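One structure is given below, encoded as structure tokens.
Ligands are counted one by one from 1 in listed order, and the atoms in each one are counted from 1 as well. Since the model is a prediction, treat every value here as computed from it, not as a measurement.
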Amino acid sequence: MKISAASVNITSPGRNFVTLKIQTDEGIDGLGDATLNGRELSVASYLNDHVIPCIIGRDPFQTEDIWQYLYRGAYWRRGPVTMAAVAAVDVALWDIKGKALNTPVYNLLGGKSRESVLVYCHATGSDTDHALEDVARHRELGYKAIRVQSGIPGLSSTYGIAKSGGKYEPAERGLPSEFAWAAEPYLRHVPGLFARVRENFGEELCLLHDCHHRLTPIDAARLGKELEPFHLFWLEDPTTAELQEGFKLIRQHTTTPIAVGEVFNSIWDAHDLIRNQWIDFIRMSVVHAGGLTHLKKIADFAALYHVRTGCHGATDLSPVTMAAALHFGMAIHNFGIQEHMPHNGETEAVFPHSYEFVDGNMVPGDGPGLGVDLDEALAAKYPYQRAYLPVNRRLDGTLTDW
Ligand code: CS2
Ligand code: MG
């Protein structure tokens with residue numbers, strides 16, 4: 001079997017998605033997600049202008065050699081654009097391999113280690129009361145694990161809160177909007193939020209929270225310590241992770257489990273975090289961390305250090321990534337949890353898929369390959385619209401981490 005053609009599809013059913021389709025001379029094709037929120041066209045060009053010419057004629061079963069060719073052969077390696085492009089090729093090849101062998105991709109990753117995978121959803125609210133209402137709504141839907149974010153008294157905006165009760169979507173069409181941030185009001189507010197959640201919903205519910213890279217290590221240590229009575233499943237992105245050693249300081253002060261990695265794109269971004277056990281969950285995703293070939297190696301390395309997976313799964317990762325993440329989650333031993341932000345109806349129609357939500361868990365489906373498709377005719381109805389993630393400034397105007 002040989003790769004005969006490849007094409008990049010860009011569609012925007014409510015938000016932008018970039019999808020690579022690889023075709024073979026035996027009529028089997030595969031899909032890979034190449035979406036990088038706010039920088040979509042960079043990955044599309046990396047694929048069209050630099051990668052696709054090099055993969056035509058290759059054997060699609062050679063996932064390892066093609067991964068190494070695209071990683072080492074580029075000379076300039078790592079980084080979100082490069083690794084999203086490598087991921088798109090890699091996932092499309094695993095899709096082809098599963099279809100050619102008439103088996104679901106999880107069987108190529110070790111087979112079922114579980115019957116379904118635990119997922120978590122997002123509950124948000126402009127204030128604590130609204131956030132509690134949203135927790136109740138999601139618990140009614142059957143979720144066993146819920147991330148809780150709320151507006152912060154004294155701040156006009158903050159991360160993770162849907163505008164006027166709509167669906168939360170991180171990217172915004174047009175130029176980046178500017179958010180205002182101050183750590184102290186946030187640090188004063190969050191422990192009370194989780195006290196109220198535990199008071200209302202008891203101890204059973206798995207609770208998660210995302211700091212979204214905004215705290216210093218010592219502030220993150222303070223928050224982790226003050227959240228200990230509420231036994232979070234994890235505290236996510238407590239501080240920026242370029243300085244991996246910053247997490248050592250957090251670890252010295254709190255037993256609240258730590259999750260990090262959605263902005264990482266290779267094992268080298270997390271090597272020290274994992275081998276020093278400074279974290280408990282690694283959040284790297286199939287689309288941003290070089291695909292299933294690389295993510296499986298990361299999970300296996302993490303398993304040596306009691307670190308579990310908690311892959312990113314926001315709406316800016318397409319249903320192709322969701323499908324691949326679920327196959328991955330079914331097979332790997334040190335699976336922790338999978339993020340599940342349901343896509344909107346238009347996206348679901350553009351990407352028909354076999355995965356489904358069942359009583360707080362998800363299953364990928366047992367058909368060959370990934371079990372997801374791309375309706376190119378429908379996709380064409382949603383032309384690309386440039387969009388950006390917001391930027392964030394402290395109250396004195398200093399630009400900080402969104
Ligand atoms: C968030 C994301 O899902 C998460 O944990 O951090 O919403 C993130 O902000 C977006 O995926 C960025 O595109
Ligand atoms: Mg996050």
### Task
Name the orientation class of the two ring planes belonging to Y159 and W402 (parallel below 30°, tilted from 30 to 60°, perpendicular beyond 60°).
perpendicular
### Query
Angle class for the Y71/W67 ring planes (parallel below 30°, perpendicular above 60°, tilted otherwise)?
parallel
Output block, N or O contacts of ligand 1, threshold 3.5 Å exclusive:
residue: ligand 1; atom: 3 (O); partner: E339; partner atom: OE1; Å: 3.3
residue: ligand 1; atom: 3 (O); partner: E339; partner atom: OE2; Å: 2.4
residue: ligand 1; atom: 5 (O); partner: R147; partner atom: NH1; Å: 3.3
residue: ligand 1; atom: 5 (O); partner: D210; partner atom: OD2; Å: 3.0
residue: ligand 1; atom: 5 (O); partner: E236; partner atom: OE2; Å: 2.9
residue: ligand 1; atom: 5 (O); partner: E262; partner atom: OE1; Å: 2.9
residue: ligand 1; atom: 5 (O); partner: R283; partner atom: NH2; Å: 2.9
residue: ligand 1; atom: 6 (O); partner: D210; partner atom: OD2; Å: 3.2
residue: ligand 1; atom: 6 (O); partner: H212; partner atom: NE2; Å: 3.1
residue: ligand 1; atom: 6 (O); partner: E262; partner atom: OE1; Å: 2.9
residue: ligand 1; atom: 6 (O); partner: E262; partner atom: OE2; Å: 2.5
residue: ligand 1; atom: 7 (O); partner: Y159; partner atom: OH; Å: 3.2
residue: ligand 1; atom: 9 (O); partner: H212; partner atom: NE2; Å: 2.8
residue: ligand 1; atom: 11 (O); partner: H312; partner atom: NE2; Å: 2.9
residue: ligand 1; atom: 11 (O); partner: D316; partner atom: OD1; Å: 2.9
residue: ligand 1; atom: 11 (O); partner: D316; partner atom: OD2; Å: 3.1
residue: ligand 1; atom: 13 (O); partner: N37; partner atom: ND2; Å: 2.8
residue: ligand 1; atom: 13 (O); partner: D316; partner atom: OD1; Å: 3.3
residue: ligand 1; atom: 13 (O); partner: D316; partner atom: OD2; Å: 2.9

#### Entry: Centroid separation F351 to H353 less than 6.0 Å
no
#### Entry: Which atom of E236 approaches the Mg ion (ligand 2) most closely (N/O/S)
OE2
### Residues R15 and N344: side-chain donor-acceptor under 3.5 angstrom
no
### Task
Specify whether H209 and Y186 have parallel, tilted or perpendicular ring planes, treating 30° as the upper limit for parallel and 60° as the lower limit for perpendicular.
parallel
### Task
Take the Mg ion (ligand 2) as the vertex and measure to OE1 of E262 and OD2 of D210; round to 10°.
170°
### Query
Is there a donor-acceptor contact under 3.5 Å linking the side chains of T254 and E228?
yes
### Query
Using a distance-only test with no angle check, is there a side-chain donor-acceptor pair under 3.5 angstrom linking E172 and Y388?
no
